[in-house]
Colleague: 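This is the structure I have questions about; it appears just below.
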Amino acid sequence: MQQTYHELVYEVTRQIPKGRVTTYGAIADFLTLGSARMVGWALNNCTFGITNIPAHRVVNRNGELSGRNHFPTPTLMQELLEQEGVAIENCRVKNFKEVLWMPSEMKQ
DNA sequence: GTGATGACGCAGT
DNA sequence: GACTGCGCCATCA
């Protein structure tokens, strides 16, 4: 069993604290994947069985819920984030900078 | 085996 | 400040 990108991405995504969000770039940089696209691709596989992966906490560099279209319902992502205390404005994370969480914080 | 696509990011214009 | 084009690696047709 090889720890592919998905495994790593899943693990990192699972470590995202409640009320916080991270970006594809942050994960890509932390895992040194080389490109944020790999993260999106990995999460795409994750949605295959929406397990315990809070993919709704992963947004793009702009803080936009770019992946909402891949959820059962486009609003689910926003709903979940709002329930966790993350303010969403026009499909974008409000105070994105304040709720932004980086994988490196996981170790601290 | 080749071409196109993907839940993105960055540099250049 | 906003938009466009290119690159990243892997998977699918």
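To find a chain, count down the sequence lines: A is the first, B the second, and so on, and within it residues start at 1. Keep in mind that the numbers below use all heavy atoms, side chains included, and drop hydrogens, waters and symmetry copies.
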Colleague: Rounded to the nearest 0.5 Å, what separation is found between the CD atom of A:E82 and the NZ atom of A:K94?
Modeller: 11.0 Å
Colleague: Rounded to whole angstroms, how far apart are CG on A:N69 and C1' on B:dG6?
Modeller: 13 Å
Colleague: Quick check: are there more than 12 heavy atoms from other residues, nucleotides or ligands sitting under 6.0 Å from CZ of A:R61?
Modeller: no
Colleague: Evaluate the criterion side-chain contact (heavy atoms from CB on, under 4.5 Å) for residue pair A:Q78 and A:L65; output intermediate values, then yes/no.
Modeller: CA-CA 8 Å; A:Q78 179 174 330; A:L65 311 185; 4.0 Å; yes
Colleague: Taking any atom under 4.0 angstrom from a heavy atom of chain A, which nucleotides of DNA chain C are the first and last to qualify, 5' to 3'?
Modeller: C:dG7 to C:dT11
Colleague: Strictly below 4.0 Å, N to O, side chains only: are A:R20 and A:E84 in salt-bridge contact?
Modeller: no
Colleague: Sugar-phosphate means primed atoms, P, OP1 and OP2; the rest is base. With that split, encode nucleotides 8-13 of chain B 5' to 3' as B, S or - using protein heavy atoms under 4.0 Å.
Modeller: BSS---
Colleague: Taking only residues two or more places apart in sequence, or in another chain, which ones meet A:W101 in a ring pair (Phe, Tyr, Trp, His ring centres under 6.0 Å)?
Modeller: none
Colleague: Calculate, to the nearest 0.5 Å, the distance between atoms CD1 and OG1 belonging to A:I53 and A:T13 respectively.
Modeller: 6.5 Å
Colleague: Could you grab the distance from atom CD of A:E79 to atom OG1 of A:T73, nearest 0.5 Å is fine?
Modeller: 8.0 Å
Colleague: How far does NZ of A:K18 sit from CD of A:Q83, to the nearest 0.5 angstrom?
Modeller: 8.5 Å
